[in-house]
Amino acid sequence: MAKSIRIKAKEKKGIVTVKALIKHPMETGLRKDIDGNLVPAHYITEVIVTANGELVMTTHWGTSVSKNPYINFQYEGSKGDKIRLEYADNLNQKASIDTVVK
């Protein structure tokens, strides 16, 4: 499911800016479809980001996060750092992507 994540990471003056877009339905389980049936809950529960194997960020999400969430954050780093972003959702589906800081 790596195609469900797009990521960019750039360094400037010792600060790395990471931008990521995760394609995910983020269904709350409260919405009804056209026939009046509840759409089952399907949302990201955890996002973990590492740089060169060291933890940079962990988030715990729930149903309040919008569809196709966008993440933008910074950390102290340098060009060439290896970034890994991975997520898990409430249906135990997982995806990850790797990139190198430019």
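Computed from a predicted structure; not experimentally measured.
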Please tell me if the side chains of [X] and [Y] come closer than 4.5 Å, counting only heavy atoms from C-beta onward.
X: E76; Y: I15; result: yes
X: R84; Y: I97; result: no
X: I44; Y: T59; result: no
X: I5; Y: K23; result: no
X: Y87; Y: S4; result: yes
X: S66; Y: M26; result: no

To the nearest 0.5 Å, what is the distance between [atom1] on [X] and [atom2] on [Y]?
X: N72; Y: K8; atom1: CG; atom2: NZ; answer: 12.0 Å
X: E86; Y: K94; atom1: CD; atom2: NZ; answer: 8.0 Å
X: I71; Y: L21; atom1: CD1; atom2: CG; answer: 9.0 Å
X: Y43; Y: T63; atom1: OH; atom2: OG1; answer: 6.5 Å

Self-check item: Exercise: do Q74 and T17 side chains pair donor with acceptor under 3.5 Å
Solution: yes
Practice problem: Give a yes-or-no answer on whether the side chains of H42 and D89 include a donor-acceptor pair shorter than 3.5 Å. | Solution: yes
Quiz prompt | Neighbour count >12 (heavy atoms, 6.0 Å) for atom CG, N92 | solution = no
Exercise. Please list all pairs passing the ring pair (Phe, Tyr, Trp, His ring centres under 6.0 Å) test where one or both residues lie in residues 48-86, with sequence neighbours left out.
Key: none
Quiz item: What residue pairs, at least two apart or across chains, pass salt bridge (Lys or Arg N to Asp or Glu O under 4.0 Å) with a residue in residues 33-50?
Solution: none
Quiz item: Which residues satisfy the side chain to side chain donor-acceptor pair (under 3.5 Å) test with T45, sequence neighbours excluded?
Solution: none
Practice problem: Please list, chain by chain and in numerical order, all residues satisfying side chain to side chain donor-acceptor pair (under 3.5 Å) with E27, sequence neighbours excluded. | Solution: R31
Practice problem: Could you walk me through whether K32 and N37 pass side chain to side chain contact (heavy atoms under 4.5 Å, CB included), step by step? | Solution: CA-CA 5 Å; K32 292 183 179 180; N37 301 314; over 6 Å; no
Pairs under 3.5 angstrom only: tabulate donor-acceptor contacts from the side chains of residues 50-58 to other protein residues two or more places apart or in another chain.
{"from": "N52", "atom 1": "OD1", "to": "K82", "atom 2": "N", "distance (Å)": "2.9"}
{"from": "N52", "atom 1": "ND2", "to": "D81", "atom 2": "OD1", "distance (Å)": "3.0"}

Self-check item: For A9, side chain to side chain contact (heavy atoms under 4.5 Å, CB included) partners two or more places apart
Solution: V16, V18, I83, T99, V101
Practice problem: For residues G29 and L38, report the shortest heavy-atom separation together with the two atoms involved. | Solution: O-CD2, 3.8 Å
